[in-house]
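The next block holds one structure in the form of structure tokens; read it before the comments.
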Amino acid sequence: MKFTVMLLLGLSFLVFSFNSAEKTAPETETVTVSGIKFSKLTFQKAIKQAQATGKLIFIDVHTSWCGPCKEMAKTTFSDTEVGNVFNGRFINLKIDAEQDADGPMISKAYTVTAYPTLLFVNGEGKMVKKLVGKQSKEKLLAAVSTIK
């Protein structure tokens, strides 16, 4: 009986140790991310940064339940060529219209009625370009090439 209890305790300890190690390992790994790097800035801080750098602000306005939004995040936004263009030219924000603090204000100010809506805004807060709906890599890059 004692042997069985000790064996079960030993096995439990090993299983617990193995599971704990698995959960903490990914935090120590280096992950290389290609594609658009979205900043975790408030809209007001992005405006100030845009004024200081002369860059435009790119805002992906999405929701947690939007299928096309999720697909764009996995495909178009994770593309290396798209990332190179956007990371060099824009301050990139990803804003959930329903859950993020700035979401309702941005949705109202820029008349967002469908998701995804992609906004390009200058340092004064003026909208330069607006794209509505899922964009392929090619369509997005073509649209961005027309922005001065």
Side-chain angles (χ1 to χ4, degrees), residues 9-148:
L9 285 173
L11 286 173
S12 297
F13 177 75
L14 285 173
V15 168
F16 177 75
S17 297
F18 181 73
N19 284 340
S20 295
E22 272 187 15
K23 290 177 185 172
T24 58
E27 293 175 26
T28 60
E29 293 178 11
T30 302
V31 178
T32 303
V33 179
S34 61
I36 299 175
K37 292 181 176 82
F38 290 96
S39 299
K40 298 201 183 267
L41 297 172
T42 65
F43 182 64
Q44 287 305 314
K45 286 184 181 177
I47 289 283
K48 288 179 183 174
Q49 189 174 353
Q51 290 169 346
T53 63
K55 289 184 175 184
L56 293 177
I57 303 166
F58 166 65
I59 308 170
D60 168 30
V61 184
H62 67 282
T63 63
S64 61
W65 48 263
C66 171
C69 301
K70 291 176 184 179
E71 187 161 336
M72 276 191 72
K74 288 181 188 174
T75 57
T76 307
F77 293 159
S78 64
D79 183 83
T80 302
E81 186 179 355
V82 172
N84 289 340
V85 170
F86 277 71
N87 296 334
R89 289 189 59 192
F90 305 108
I91 298 162
N92 303 303
L93 300 180
K94 192 169 197 57
I95 296 185
D96 187 308
E98 298 174 336
Q99 296 178 7
D100 288 342
D102 289 335
M105 179 273 298
I106 287 174
S107 295
K108 185 176 179 181
Y110 299 105
T111 319
V112 174
T113 58
Y115 306 105
T117 294
L118 310 178
L119 303 170
F120 297 86
V121 178
N122 67 20
E124 297 171 1
K126 181 180 175 191
M127 183 171 51
V128 175
K129 190 165 195 78
K130 179 178 184 178
L131 302 171
V132 179
K134 181 181 160 196
Q135 306 292 312
S136 67
K137 165 189 171 176
E138 294 77 17
K139 283 175 65 176
L140 185 59
L141 290 175
V144 167
S145 71
T146 66
I147 299 173
K148 300 283 181 212

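Predicted model, so just to flag it, every value in this text is computed and none were measured. Counting begins at 1 with the first residue of the sequence.
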Please report the interatomic distance [atom1]([X]) to [atom2]([Y]), rounded to the nearest 0.5 Å.
X: Gln49; Y: Ser39; atom1: CD; atom2: OG; answer: 6.0 Å
X: Asn122; Y: Met127; atom1: CG; atom2: CE; answer: 11.0 Å
X: His62; Y: Leu118; atom1: NE2; atom2: CG; answer: 11.5 Å
X: Lys70; Y: Thr75; atom1: NZ; atom2: OG1; answer: 14.0 Å
X: Ile47; Y: Glu124; atom1: CD1; atom2: CD; answer: 9.0 Å
X: Leu56; Y: Lys129; atom1: CG; atom2: NZ; answer: 11.5 Å

Fill in the blank from the handout: Checking Thr117, Asp100, Val112 against Ile95 for side chain to side chain contact (heavy atoms under 4.5 Å, CB included), the one that qualifies is Asp100
Give a yes or no on whether the backbone of [Y] and the side-chain of [X] come within a donor-acceptor separation of less than 3.5 Å.
X: Arg89; Y: Val144; answer: yes
X: Thr63; Y: Asp96; answer: no
X: Gln135; Y: Gly133; answer: yes
X: Asp102; Y: Phe43; answer: yes
X: Asp79; Y: Lys137; answer: no
X: Thr53; Y: Lys55; answer: yes

Got [X] and [Y] here, is their nearest side-chain heavy-atom distance under 4.5 Å?
X: Ile57; Y: Phe90; value: no
X: Val61; Y: Pro116; value: no
X: Leu140; Y: Phe77; value: yes
X: Asn87; Y: Ile36; value: yes

Exercise for the section: Using a cut-off of 6.0 Å, state whether more than 12 heavy atoms not belonging to Lys134 lie near its atom NZ. Expected result: no
Practice task
Start with the C-alpha distance between Phe58 and Leu93, add both sets of side-chain angles, then the distance that settles side-chain contact (heavy atoms from CB on, under 4.5 Å), and finish with yes or no.
Solution key: CA-CA 6 Å; Phe58 166 65; Leu93 300 180; over 6 Å; no
Practice task
Would you name the heavy atoms of Ser78 and Ser34 that are closest together and state the gap between them?
Solution key: O-OG, 3.2 Å
Exercise for the section: Provide the full list of disulfide (SG to SG under 2.5 Å) pairs with a residue in residues 54-89, sequence neighbours left out, each pair given once. Expected result: Cys66-Cys69
Practice task
Please work out whether the ring planes of Phe120 and Phe86 are parallel, tilted or perpendicular, with thresholds of 30° and 60°.
Solution key: tilted
Practice task
Go through Thr111 and Lys130 one step at a time and tell me if the side-chain contact (heavy atoms from CB on, under 4.5 Å) criterion holds.
Solution key: CA-CA 10 Å; Thr111 319; Lys130 179 178 184 178; 4.0 Å; yes
